[in-house]
Q: 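Got a structure for you, questions after.
For clarity, every value in this text was computed on a predicted model and none was experimentally measured. Chain letters run A, B, ... following the sequence lines, proteins first, then strands; residues in each count from 1.
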Amino acid sequence: MVSIAKVIVDIPTMQTNKPYDYRIPDEFEQDVVRGMRVVVPFGLGARKVQGFVVEITHSTDYEGELKSIVGLMDLTAVLNQEMLLLGKEMARKTYAFQITCYQTMLPAILKAKYEKKIRLIDEIPEDLFFELFKGKNEINWDEAESRAILPQLIDLKKKDAVEVVYEVKNQAKTKKKRVLQANLSFEQLEDEKISLGKRGPKQRLLLEVLQMLDDKEISVSELTLSTKLTASDIRTGEKKDWLTIKEVEVYRDPFKNQSFKPTVSFQLNEGQEKAIQPILKAVSEERTEVFLLKGVTGSGKTEIYLQTIAQTLQNNKSALMLVPEIALTPQMVNHFKGRFGEEVAVLHSGLSVGEKYDEWRKIERGEARVVVGARSSIFAPVKNIGVIIIDEEHEATYKQDENPRYHARDIAIWRANYHDCPVILGSATPSLESRARAQKNVYTLLELPTRVNRKELPDVEIVDMREEVKNANRSSFSVLLQEKIRDRIAKKEQIVLLLNRRGYSSFVMCRDCGFVLPCPNCDISLTLHMDTKTMKCHYCGHEEKIPYICPSCKGNKIRYYGTGTQKIEEELKEVLPEAKVIRMDVDTTRKKGAHEKLLTSFGNGEADILLGTQMIAKGLDFPNITLVGVLNADTGLGLPDFRASERTFQLLTQVSGRAGRAELTGEVIVQTFNPEHYAIQLAKEHDYDTFYKKEMSLRHRGSYPPYFYTVLITTSHEEELAAAKKMQQIVQYIKPQLQPETIMLGPTPKAVARMNNRYYYQTIIKYKNEPHLKAALQTILMESQKEMTKGLQIAIDSEPMNFI
DNA sequence: AGCACGCCGACT
DNA sequence: GTCGGCGTGCTC
């Protein structure tokens with residue numbers, strides 16, 4: 001009976017987004033399994049591509065002659081049954097290609113690289129051989145193209161002297177180390193030593209080492225490093241059969257130079273006890289239930305996570321926990337490694353692709369049963385999951401803003417259903433969506449009302465910056481904030497200053513004519529970067545020199561406007577020359593590990609003030625911080641995004657939590673031009689519940705989530721007209737199919753209408769119930785294929801997080 | 001994506 | 001008459 005594999009090929013287009021049937025040749029019959037990566041020929045030429053086997057059958061509907069699988073890329077499956085299913089489901093839900101989903105679920109190293117080469121297969125004149133092939137057997141296609149010798153090679157192809165070959169390269173290499181082991185017993189080695197006589201001091205040393213080794217193994221590199229022995233001494237030993245060298249696989253250990261202090265469980269307080277009971281019950285009953293764990297900073301959510309995981313491990317199950325990338329600090333990792341030791345695998349963006357792959361395999365083999373990581377860790381190949389935890393559940397980073405546009409929360413719930421286990425969504429300021437679901441008892445709400453240390457939440461004081469301006473204070477620091485900072489410095493306490501960068505940037509403007517330097521590719525102004533002394537575009541990365549003369553009116557009154565962290569730092573130096581400041585923003589944390597380094601030195605008291613953007617709102621947990629200043633609380637409020645208030649409230653609440661976590665009482669100063677705004681007022685009162693009610697009523701009035709579902713459709717093209725026209729066409733196609741209560745916003749040009757020389761148009765659909773919308777959008781994608789090969793792009797984002 | 005096929009314009 | 005332009009369609 002013939003075996004046939006259904007394969008999803010690595011060609012991300014609408015036409016090829018389906019399984020293709022291939023014969024499994026006899027030589028692979030035993031080895032091919034579902035979820036394995038294979039190499040298959042695809043198309044008319046000799047082209048070969050990577051594919052995933054999604055099914056093995058014995059019949060086909062395909063009329064033509066089946067091709068055969070030509071190679072295997074793995075020894076075992078890389079996608080298990082669950083992942084195969086999840087990928088398919090995700091493709092449907094997010095309008096992405098199946099292949100893109102599978103690749104997203106796996107470590108990047110498992111994505112194939114392709115090479116196209118021209119290989120010599122017949123004799124050619126010697127001069128040509130050297131001119132074209134430089135004396136080698138084959139050359140790279142790209143190289144041939146750049147050396148402009150392709151025409152000559154194509155000539156040779158016609159004479160069958162060369163062939164075009166395609167190589168699918170597997171990048172997934174495991175790290176190996178060479179180890180050696182003695183072949184002889186102590187006594188036999190002693191005999192060898194005697195027969196050496198007085199000559200060969202190196203060989204003698206080698207024998208002594210082997211004697212010491214006993215039966216143990218030692219790596220070749222370790223031995224050459226710690227002794228005078230060289231690789232060739234060891235090779236001689238191998239030749240004399242004293243020892244054997246073999247290769248063993250090692251994991252790249254990203255934490256190899258760190259040790260972890262073991263920690264033990266704390267006694268839970270009454271509130272924590274009450275919250276954890278229902279969770280533990282669901283864990284032991286192996287029942288899917290989504291818990292929304294709401295608790296202010298310091299209320300002990302982490303301990304609940306840790307004890308839930310401990311229970312899960314005791315039940316012989318594993319645990320998966322997501323945290324936002326920037327919260328994945330060494331402190332955080334210590335918590336988990338300290339409690340669960342070697343059982344913990346950590347996945348984050350700081351790891352190399354190889355390290356990620358090793359952690360992935362550790363998980364896959366069941367060697368690590370606790371996985372902690374950022375968004376994409378939700379796809380970790382954990383088996384037998386007992387609990388899934390998403391900390392800081394409200395964070396927008398859990399939604400991926402490129403294809404596949406999945407939300408980790410949705411994937412978590414899907415996997416929880418698959419594994420029959422509970423999900424914990426934790427936050428001090430739950431997203432309105434989740435909080436509303438708890439209201440409707442879709443999720444179970446658990447609250448931690450008090451902080452573990454019984455500390456009151458810090459006092460928040462709002463400073464009206466309009467008054468400061470009236471009183472001719474032109475600096476970024478209100479009089480009050482300056483006073484408080486001086487006071488803390490005198491007391492040797494620490495200060496955190498937050499510059500809210502949302503919707504904000506520093507730009508260069510001419511005071512004579514108002515000219516603002518724009519990006520030549522995008523419709524936005526360039527941002528000033530003092531460190532590189534350039535103007536940069538945040539959308540496309542375009543960079544140019546800082547102008548000193550206005551390009552428009554040729555005047556020299558061109559000045560900087562807006563406030564970046566660098567400018568604040570300089571201002572701070574003028575106002576408070578005695579203060580030591582650590583600045584933390586995208587620029588100072590670009591290098592790997594820089595983020596941690598800055599935090600550590602601040603934690604060690606090497607500076608008085610930590611100045612930074614959003615990223616400092618998380619993961620810093622230093623007892624000596626007693627003052628938090630928010631320099632501009634409201635810059636995000638002006639954005640045309642219905643989540644602007646929610647984000648502002650969340651940010652302010654989060655930074656407030658940074659002040660006074662130990663014995664010292666904390667204080668928060670919030671500077672704003674909108675002191676009456678409810679998001680700011682309610683953050684001051686630490687009043688989530690009122691904020692929730694108020695915001696819900698506004699969402700209701702505006703027909704926004706969680707009352708309505710949303711889909712964002714975006715078209716883009718180099719020609720503005722093409723993008724606009726297509727968007728118009730889409731709207732015209734969909735509109736008649738929608739329910740009367742459904743609302744369509746658009747088509748409109750995007751807030752930044754041109755980015756990277758492409759024009760963007762968008763439409764937002766807000767709906768309650770549209771059974772046919774998914775099919776209609778799918779139809780649009782199917783029918784736009786031709787245009788999409790000609791430079792049109794269509795993006796469909798279900799439940800988008802960013803509307804601008 | 002990448003390749004072949006096919007149908008129109010300017011040349012050895 | 002042919003070579004080659006790129007628009008169209010298919011890939012198990």
Q: Expressed in angstrom and rounded to an integer, what is the separation of A:Glu63 atom CD from C:dT11 atom C1'?
A: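 Spelled out: CD on A:Glu63 to C1' on C:dT11 is 15 Å.
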Q: Counting side-chain heavy atoms from CB outward, which of C:dT8, B:dA1, B:dC3 is closest to A:Tyr166?
A: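 Given the options C:dT8, B:dA1, B:dC3, the side chain of A:Tyr166 is closest to B:dC3.
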Q: Return yes if some donor-acceptor pair links the side-chain N/O of A:Gln152 with the main-chain N/O of A:Ile149 below 3.5 Å, else return no.
A: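 Absent.
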Q: Rounded to whole Å, how long is the line connecting atom OH of A:Tyr62 with atom P of C:dC10?
A: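 After rounding, the reported distance stands at 11 Å.
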Q: What is the nucleic acid contact for A:Lys48, judged by heavy atoms within less than 4.0 Å: base, sugar-phosphate only, or nothing?
A: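 Nothing, no heavy atom under 4.0 Å.
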Q: Inspect the contact between A:Lys399 and A:Asp797 and indicate whether a charged nitrogen and a carboxylate oxygen are less than 4.0 angstrom apart.
A: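 Here A:Asp797 pairs with A:Lys399 in a salt bridge, since their nearest N and O are under 4.0 Å apart.
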Q: Would you indicate what A:Ile11 reaches in the nucleic acid, counting non-hydrogen atoms under 4.0 angstrom: base, sugar-phosphate, or nothing?
A: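 Touches a base.
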Q: Nearest-Å distance, CE (A:Met14) to C1' (B:dA1)?
A: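 After rounding, the gap between these two atoms is 16 Å.
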Q: Using only atom types and a distance under 3.5 Å, with no angle test, would you say the side chain of A:His717 pairs donor to acceptor with the backbone of A:Ala722?
A: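 Judged by distance alone, no pair lies under 3.5 Å.
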Q: Tell me: NZ of A:Lys157 to C1' of B:dC3, nearest whole Å?
A: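 After rounding, the gap between these two atoms is 12 Å.
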Q: Side chain of A:Lys790: nearest nucleotide among C:dT8, B:dC3, B:dA1?
A: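 Nearest nucleotide to the side chain: C:dT8.
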Q: Write down the distance between NZ (A:Lys18) and C1' (C:dT11), rounded to a whole number of angstrom.
A: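 Checked: the NZ to C1' distance equals 8 Å.
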Q: Find the distance A:Tyr22:OH to C:dC12:P and express it as a whole number of Å.
A: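 The answer, rounded to whole Å, is 5 Å.
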Q: Grab the NZ-P distance between A:Lys67 and C:dC10 for me, whole Å please.
A: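 Between P of C:dC10 and NZ of A:Lys67: 15 Å.
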Q: NA contact type, A:Lys786, heavy-atom cut-off 4.0 Å: base, sugar-phosphate, or nothing?
A: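 Sugar-phosphate, no base atom in range.
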Q: Can you figure out which of C:dC10, C:dT8, C:dC12 approaches the side chain of A:Gln15 most closely?
A: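 In terms of side-chain proximity for A:Gln15, the closest of C:dC10, C:dT8, C:dC12 is C:dC10.
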Q: Specify the separation, in whole Å, of atom OH of A:Tyr114 and atom C1' of B:dA1.
A: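 Rounded to the whole Å, the gap is 10 Å.
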Q: Would A:Ser798 and A:Lys93 count as a side chain to side chain donor-acceptor pair (under 3.5 Å) if you check the C-alpha gap in whole Å, the side-chain angles of each, and the deciding distance to 0.1 Å?
A: CA-CA 8 Å; A:Ser798 170; A:Lys93 288 239 163 89; over 6 Å; no
Q: I need the A:Gln793 CD to A:Thr714 OG1 distance, nearest 0.5 Å.
A: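 It is 10.5 Å, given to the nearest 0.5 Å.
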